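None of the values given here were measured: they were computed from a predicted structure. Chain identifiers are assigned alphabetically (A, B, ...) following the order of the sequence lines, protein sequences preceding nucleic acid strands; residue numbering begins at 1 within each chain.
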Amino acid sequence: MRDEGPSRALLDWYDAHARAMPWRTGPAARKAGIRPDPYAVWLSEVMLQQTTVAAVRDYFHRFTARWPGVGALAAANDGDVMAEWAGLGYYARARNLLKCARVVVAEHGGRFPETRAALLNLPGIGPYTASAIAAIAFGEQATVVDGNVERVMARLFAVETPLPAAKPELTALAEGLTPPDRPGCHAQAVMDLGATICTPKSPACGICPLRAPCRARALGTQADLPRKLPKKPKPTRHGIAYLGRRADGAWLLERRPDKGLLGGMLGWPGAEWGDAAQEAPPLAANWRDPGAEVRHTFTHFHLRLALRVADLPMDAAPARGRFIPAQEFRPSGLPTVMRKAFDLGQPALVPA
DNA sequence: TAAGCGTGGAA
DNA sequence: TTTCCAAGCTT
């Protein structure tokens, strides 16, 4: 049974307060019957997975400027796409983005499937993204459930079950609110509400369009919802990164394997990170310690990365990796932890 | 199914 | 400084 009240209040609020975003079509275009570009919706939704709007904005502009459509992206060089994604994190998204673009071109004639069910079969598109594309780009009455929606539902209906066990219950509640008209706007309205008013800490209940029907607000439990199971502590791992620069300015880097941490990205040679740092120079050289250490935190562990730098001869023949010519090397094309290593180690190589 | 997978901003 | 956490997906 669908509840008109909260849905209507939410859409009214959205129409009055929706923030402009590069991947959104404005209200004028919507009224003219112009639908958002599925490519732009897909690209933005993948970038937005576990990532803030502020972090995505510039990446979205660079990607669409360089690859304006799914065909262009499908034809792109893998390394170029990974370098353009560098710094945004969760690099499996970039690998799956390319896979998905190539499947859309090879198996769907370069057009995205228009149903949630079909979208779910594409690489990198899960329940959330499939619903988002189906609702926003194609008008399907699909229910979008992300962290914002979970939080809004948990508070609106005062759900005490902790996440992630509460997910099915919260999904069902969200389905009950999804309207047949403008399901895409509704989805974005709930997410905008969660991002700006129904925030994780100190929600702005006083200006919330759903303050009247909100059960948690009435009970005073809004700040405690949704409940979550405690998280595991992060261990600390250690490693060493070797920054080797040849006499002509080329840098010794290696492409990491597609699976695992920073998969498919360029990085500095070094042993696998573990309980203790292991020496593993890619070739014999006068490796020096610049006396600085990279500290970086990943999703599930802290990393302390020692550095070694060396000037390498033109005939250097490393066992691993390859030299990237100075003209092609861009620190911005490295994942952040590797760029930090460059920022700290590179000054030690510049002649005084 | 629970774990693996990035980063940067906010408090 | 540390912790939390953001428009999740894959295996």
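- Nucleotides dT11(C) and dG6(B) have their P atoms positioned 14 Å apart, rounded to a whole Å.
- In this structure, the side chains of E279(A) and I240(A) come closer than 4.5 Å at one or more pairs of heavy atoms.
- Cation-pi geometry between R246(A) and F323(A) is met: under 6.0 angstrom from the ring centre, within 45 degrees of the axis.
- When the nearest nucleotides of DNA chain C are assigned to I125(A) and D146(A) by heavy-atom distance, the more 5′-ward of the two goes with D146(A).
- Counting heavy atoms from C-beta outward, L156(A) and R217(A) have side chains that stay 4.5 Å or more apart.
- Separating the CG atom of L119(A) from the C1' atom of dG8(C) is a distance of 16 Å, rounded to the nearest angstrom.
- If you measure from atom CZ of R227(A) to atom P of dC5(C), you get 13 Å, rounded to the nearest angstrom.
- Contacts of P164(A) with the nucleic acid, taken as non-hydrogen atoms under 4.0 Å apart, are absent.
- In this structure, CZ in F112(A) is found 7.5 Å from CG in L122(A), a value given to the nearest 0.5 Å.
- Atom OH in Y128(A) sits about 11 Å away from atom C1' in dA6(C), given to the nearest Å.
- For the residue pair K340(A) / H296(A), a side-chain donor-acceptor distance below 3.5 Å is found, with atom types taken as modelled.
- Nucleic acid contact for R295(A): none, since no nucleic acid atom lies under 4.0 Å from a heavy atom of the residue.
- E254(A) approaches R320(A) most closely through the heavy-atom pair OE2-NH2, 2.9 Å.
- Residue R24(A) is in base contact, counting any heavy-atom pair closer than 4.0 Å across all strands shown.
- Here W287(A) and Y242(A) bring their ring centres to under 6.0 angstrom of each other.
- Salt bridge annotation for R295(A)-E293(A): present, with a cationic side-chain nitrogen under 4.0 angstrom from a carboxylate oxygen.
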- Nucleic acid footprint by protein, nucleotides 6-11 of chain B - heavy-atom cut-off 4.0 Å, B for base, S for sugar-phosphate alone: BBS---
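- Here the C1' atom of nucleotide dG4(B) and the CZ atom of R256(A) are 14 Å apart, to the nearest Å.
- By the 30° and 60° cut-offs, the orientation of the rings of W268(A) relative to W251(A) is perpendicular.
- Contact annotation for V56(A): no contact, since no heavy-atom pair falls under 4.0 Å across all strands.
- Using a 4.0 Å heavy-atom cutoff across all strands shown, M21(A) reaches at least one base atom of the nucleic acid.
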- Message: Pair W273(A), F298(A) - check ring pair (Phe, Tyr, Trp, His ring centres under 6.0 Å), show working.
- Response: CA-CA 12 Å; W273(A) 304 330; F298(A) 293 97; 5.7 Å; yes
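- One interatomic measurement links the two molecules: CG of D258(A) to C1' of dC5(B), which rounds to 14 Å at whole-angstrom precision.
- Separating the CG atom of L48(A) from the P atom of dG8(C) is a distance of 8 Å, rounded to the nearest angstrom.
- Remark: nothing in residues 167-174 of chain A comes within less than 4.0 Å of DNA chain B through any heavy atom.
- One can place CD1 of I197(A) at 18 Å from C1' of dA6(C), the figure rounded to the nearest angstrom.
- To the nearest angstrom, C1' of dA3(B) lies 13 Å from NZ of K234(A).
- Side-chain N/O atoms of H300(A) include none lying less than 4.0 angstrom from OP1 or OP2 on dG4(B).
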